[in-house]
Amino acid sequence: MTTGELPTTESQLPESLRETLPGHYYTEPGIFRLEQATIFEAGWFCAVRSADLAKPGQFETVQIGRESVLVTRNRSGAVKAHLNVCRHRGARLCTEESGEVRRSFQCPYHAWTYSFDGELIAAPNLNAMDDVDRTEYGLRGVHVREWLGYVWLCLAEEPPSFDDTVIGDVTNRLGTPDAIVGYQVADLKLGRRIEYDVKANWKQIVENFMECYHCATIHPELTEVLPEFADGLAAQYFVGHGAEFGEDIEGFTVDGSAGLAKLPGVNEEQDRRYYAITVRPQVFINLVPDHVVFHRMFPLAPDRTLVRCDWLYLPEVVDSGADIDRSVELFHRVNQQDFDACERCQLAMDSRSYASGGVLVPSEHHIAEFHDWVRERTG
């Protein structure tokens, strides 16, 4: 082995190091397509904020794996989701990212028309075709679950247990699913939303969010507020642990100044602490005493991921016009710093230097479990 070469198997590594996924896992279209089929289309995917669908006929279209999904509310107020494909000749039903229709969804090609529940309700000459079952030729439905004020979708014929997967990830991080209850996430109101178009593979972003070995290097504002992060261990490394605010820090703001009124359900043990949760495959939840930061990732290509980040506050805070800029700015800077780092890594994934992958130091060892999770699902 020549100078500078890394061993290619974990058994050859020093005890302190563990192997990563090899570089082609982040670049090959075939692997990305496999992930689309076996991860994003097979499990629960956080798609839409429930409040963005305030009334019947409001809709959003969401890319989940290889599928476009149309999400709306029916006339009874229930959220419904269907594949965004006309059952006649396969035309895309809605091309807008969001919008509102009054009575129904109509395909612009041949005018096949569907109710908000997905039933075929009209088509040219349909009354003359008595043998056509309007329910059978309705839109293909998608499983729906609402939790934490968001709509979660599953494209699988038989969805995995929501409790075991989504809520299970929260439980594994916080130690109990009850620990998130006091933050009243579903009752909070959107204060700010920022979208980031990141030129990196979705796994780069997950790995970055899970560890804090990089925090002292690229997050000066965050480590000022959360001094323990400067030591390189992320809160996610320990079950139930919340990173404590610095002694002179008043709030989770870009300059450490006072934040807003504490969420009423946050208990004494949770006060002045930050909790980060990864809900696989594409959600990050950040809990602080006065607000919640909620990330949704939308993997679009092997080297491109759209991230929507919502800052959520008590309704009275948003309605009063209170200044939220300092709390938004802290995590906005963290996002920019993180995504720049992810893009920097993505540039090297096709390098022969990374063909066998890199290494994880001890404070990153928990990322190996995520890599195993990916391997297990993609085979």
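This is a predicted model, so every value here is computed, not measured.
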In Å, rounded to the nearest 0.5 Å, how long is the span from [atom1] of [X] to [atom2] of [Y]?
| X | Y | atom1 | atom2 | answer |
| --- | --- | --- | --- | --- |
| Trp44 | Phe162 | CH2 | CZ | 6.5 Å |
| His143 | Leu155 | NE2 | CG | 9.0 Å |
| Glu244 | Glu228 | CD | CD | 7.5 Å |
| His82 | Glu67 | NE2 | CD | 13.5 Å |
| Leu233 | His241 | CG | NE2 | 8.5 Å |
| Ile324 | Leu312 | CD1 | CG | 10.0 Å |

Ignoring hydrogens, what is the shortest heavy-atom contact between [X] and [Y]? Give both atom names and the distance.
| X | Y | result |
| --- | --- | --- |
| Ala156 | Ala42 | CB-O, 3.7 Å |
| Gln236 | Ala276 | CG-O, 3.1 Å |
| Trp373 | Arg280 | CD1-NH1, 3.2 Å |
| Val206 | Pro281 | CG2-O, 3.8 Å |
| Arg92 | Pro108 | O-CD, 4.4 Å |
| Leu226 | Ala243 | CD2-O, 3.8 Å |

Run the side chain to side chain contact (heavy atoms under 4.5 Å, CB included) check on Ser98 and Asp52 step by step: do they pass?
-> CA-CA 9 Å; Ser98 63; Asp52 291 342; over 6 Å; no

Looking at [X], I want to see if its [atom1] is surrounded by more than 12 non-hydrogen atoms of other residues, nucleotides or ligands under 6.0 Å.
| X | atom1 | answer |
| --- | --- | --- |
| Arg33 | CZ | no |
| Arg193 | CZ | yes |
| Tyr137 | OH | no |
| Glu269 | CD | no |
| Phe370 | CZ | yes |
| Arg344 | CZ | no |
| Arg103 | CZ | no |
| Glu224 | CD | no |

May I have the step-by-step check of side chain to side chain contact (heavy atoms under 4.5 Å, CB included) for Trp202 and Gln282, ending in yes or no?
-> CA-CA 8 Å; Trp202 68 279; Gln282 45 83 243; 5.9 Å; no

Across all chains, not counting sequence neighbours, the ring pair (Phe, Tyr, Trp, His ring centres under 6.0 Å) partners of Tyr183 are none

Does any N or O in the side chain of [X] come within less than 3.5 Å of the main-chain N or O of [Y], such that one atom is a donor and the other an acceptor?
| X | Y | answer |
| --- | --- | --- |
| Arg326 | Ala258 | yes |
| Arg272 | Gly246 | yes |
| Arg296 | Ala47 | yes |
| Thr113 | Gln106 | no |
| Asn172 | Gly168 | yes |
| Thr20 | Gly357 | no |

Side chains of [X] and [Y], heavy atoms from C-beta outward: is any pair under 4.5 Å?
| X | Y | value |
| --- | --- | --- |
| Ile285 | Val292 | yes |
| Val198 | Glu343 | yes |
| Ile277 | Ile180 | yes |
| Leu263 | Leu314 | yes |
| Asn335 | Ile194 | no |
| Leu21 | Arg375 | yes |
| Leu53 | Thr72 | no |
| Leu188 | Val318 | no |

With ring pair (Phe, Tyr, Trp, His ring centres under 6.0 Å) as the test, would you mind laying out the steps for Tyr25 and Tyr354 before giving the verdict?
-> CA-CA 11 Å; Tyr25 265 73; Tyr354 209 79; over 10 Å; no

From CA spacing to verdict: side chain to side chain donor-acceptor pair (under 3.5 Å), Asp255, Ser257 = CA-CA 5 Å; Asp255 55 3; Ser257 58; 2.6 Å; yes

Please say which of Tyr275, Phe294, Phe209 ends up in a ring-ring contact (aromatic ring centres under 6.0 Å, His included) with Phe284.
->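 Looking at Tyr275, Phe294, Phe209, the match for Phe284 under the ring-ring contact (aromatic ring centres under 6.0 Å, His included) is Phe209.
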
Which of these, Phe59, Trp112, Tyr114, sits in a ring-ring contact (aromatic ring centres under 6.0 Å, His included) with Phe105?
->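 Answer after filtering Phe59, Trp112, Tyr114: Phe59.
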
Are [Y] and [X] connected in a single hydrophobic cluster, I mean Ile/Leu/Val/Met/Phe/Trp/Tyr linked by side-chain heavy atoms less than 4.5 Å apart?
| X | Y | result |
| --- | --- | --- |
| Leu306 | Ile64 | yes |
| Leu93 | Val79 | no |
| Val288 | Leu190 | yes |
| Phe116 | Ile121 | no |
| Ile205 | Phe40 | yes |

Would you please indicate if the ring centroids of Tyr196 and His332 are separated by under 6.0 Å?
-> yes

What about His291 and Phe331, are their ring centers closer than 6.0 Å?
->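 Centroid separation for His291 and Phe331: 6.0 Å or greater.
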
Taking it one step at a time, do Tyr109 and Arg89 satisfy side chain to side chain contact (heavy atoms under 4.5 Å, CB included)?
-> CA-CA 9 Å; Tyr109 193 7; Arg89 296 266 295 279; 3.3 Å; yes

Look at Arg192 together with Asp325 and state whether they make a salt bridge at an N to O cut-off of under 4.0 Å.
-> yes

Is it true that Arg49 and Asp310 have a side-chain N and a carboxylate O under 4.0 angstrom from each other?
->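 Salt bridge flag = no for Asp310 with Arg49.
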
Verify whether one side chain among [X] and [Y] offers a donor that lies under 3.5 Å from an acceptor in the other.
| X | Y | result |
| --- | --- | --- |
| Asp163 | Ser161 | no |
| Thr61 | Asn84 | no |
| His371 | Glu207 | yes |

Given side chain to side chain contact (heavy atoms under 4.5 Å, CB included), test Arg18 with Glu364 step by step and report yes or no.
-> CA-CA 9 Å; Arg18 295 188 186 180; Glu364 303 170 303; over 6 Å; no

Shorter than 2.5 angstrom, is that how the SG atoms of Cys212 and Cys215 come out?
-> yes

